[in-house]
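Remember, it's 1-based here, ligands and their atoms both numbered in the order they're listed.
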Amino acid sequence: MNLKDKIVVITGAASGIGAATARHMGVLGAKIAASDINLRRLENVVTEINDAGGTAFAHRVDVSDFNQVDAFFKAAVEAYGSIDIVVSNAGIGGKEQHKTAEHTHEDWHNVIAVNQTGVFYTMQAALKQMMVQGQGSIVNVASLAGLKASGYNLSYSASKFAVVGMTKSAALEYGKDNIRINAVCPGYTRTPLLEKLLGFRPEMEETLKRLIPMDRFGEADEIAEAIAWLASDQAKFITGQTLVLDGGTSLL
Ligand SMILES: NC(=O)c1ccc[n+]([C@@H]2O[C@H](COP(=O)([O-])OP(=O)(O)OC[C@H]3O[C@@H](n4cnc5c(N)ncnc54)[C@H](O)[C@@H]3O)[C@@H](O)[C@H]2O)c1
């Protein structure tokens, strides 16, 4: 697959799935505008891409602040002239694991601000630019937790169901404008976010693996390859869809 000279904007690109997507798309020839709240780690990823012969720059962005998101998109257009692909990936898992009655309001607001409002802000900035250009492709990183029930993390579940809903509703609005909007729904994928979840409850590793018919966690690279394909012209008649990458967990 080829993304030669496609302009790609990615949020949450310093780690895990976002970093793997930035690296993979960089190798495929795309020019990458990479953002994250963690600038130090992001700069390492951008250096790797540039050292491998790609083109990328780093911009510190907290996706829960629209002014920062808007400034980032303006910087991307200033650097590269336009935006072809946006990957809205930044997300957090929440600090706690409680049943709903005990879920703290602080954790609720933090998770919704990043996972839900952050995706809305990112899509909004993307769509304003894509409407000017008359084309574009957005991939939101949702989760299997946006399609199926999952306990002990209501804010995460709510935010990911919202990402799926926003993906479908916005795709309906912008189909005629030559702008596609899709989501990937990873199952359990080995990244720092999953390691943190296992840190809360290490005994969960074996329990989780029993929920995966393929008997292993996904890898960030595997999600990155699907994101690149879904964003690319090879998927040009696909919009409003959720692509599940879960080793079969959703079959159970
Ligand atoms: N790992 C999994 O099992 C899994 C499964 C399903 C969905 N996802 C989703 O995939 C996406 C990426 O997760 P990951 O597993 O790679 O996690 P990760 O923790 O490795 O990476 C997330 C990145 O987002 C950044 N980030 C956090 N808050 C931010 C903010 N306010 N603004 C900008 N950047 C911010 C972090 O600094 C980090 O670099 C998330 O949306 C997550 O919900 C992950």
Kindly say whether [Y] contributes a backbone atom to a donor-acceptor pair with the side chain of [X] at under 3.5 angstrom?
X: Asp107; Y: Lys95; result: yes
X: Tyr121; Y: Val114; result: no
X: Ser143; Y: Gly187; result: no

**OP:** Kindly tell me which protein residues have any non-hydrogen atom under 4.0 angstrom away from an atom of ligand 1, grouped by chain and ordered by number?
**Re:**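 If the criterion is a heavy atom under 4.0 Å, then ligand 1 touches Gly12, Ala14, Ser15, Gly16, Ile17, Asp36, Ile37, Arg41, Val61, Asp62, Val63, Asn89, Ala90, Gly91, Ile92, Val114, Val141, Ala142, Ser143, Tyr156, Lys160, Pro186, Gly187, Tyr188, Thr189, Thr191, Pro192, Leu193.
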Under 3.5 Å, sequence neighbours excluded: what are the donor-acceptor pairs made by side chains of residues 195-203?
residue, atom, partner, partner atom, Å
Glu195, OE2, Arg190, NH1, 3.3

**OP:** Quick one: do Thr104 and His98 satisfy side chain to side chain donor-acceptor pair (under 3.5 Å)? Show the steps, please.
**Re:** CA-CA 8 Å; Thr104 67; His98 293 307; over 6 Å; no
Original post:
Taking the six-membered ring of Phe217 as reference, does the NZ or CZ atom of Lys209 fall below 6.0 Å from its centre and within a 45° cone about the axis?
Top reply: yes
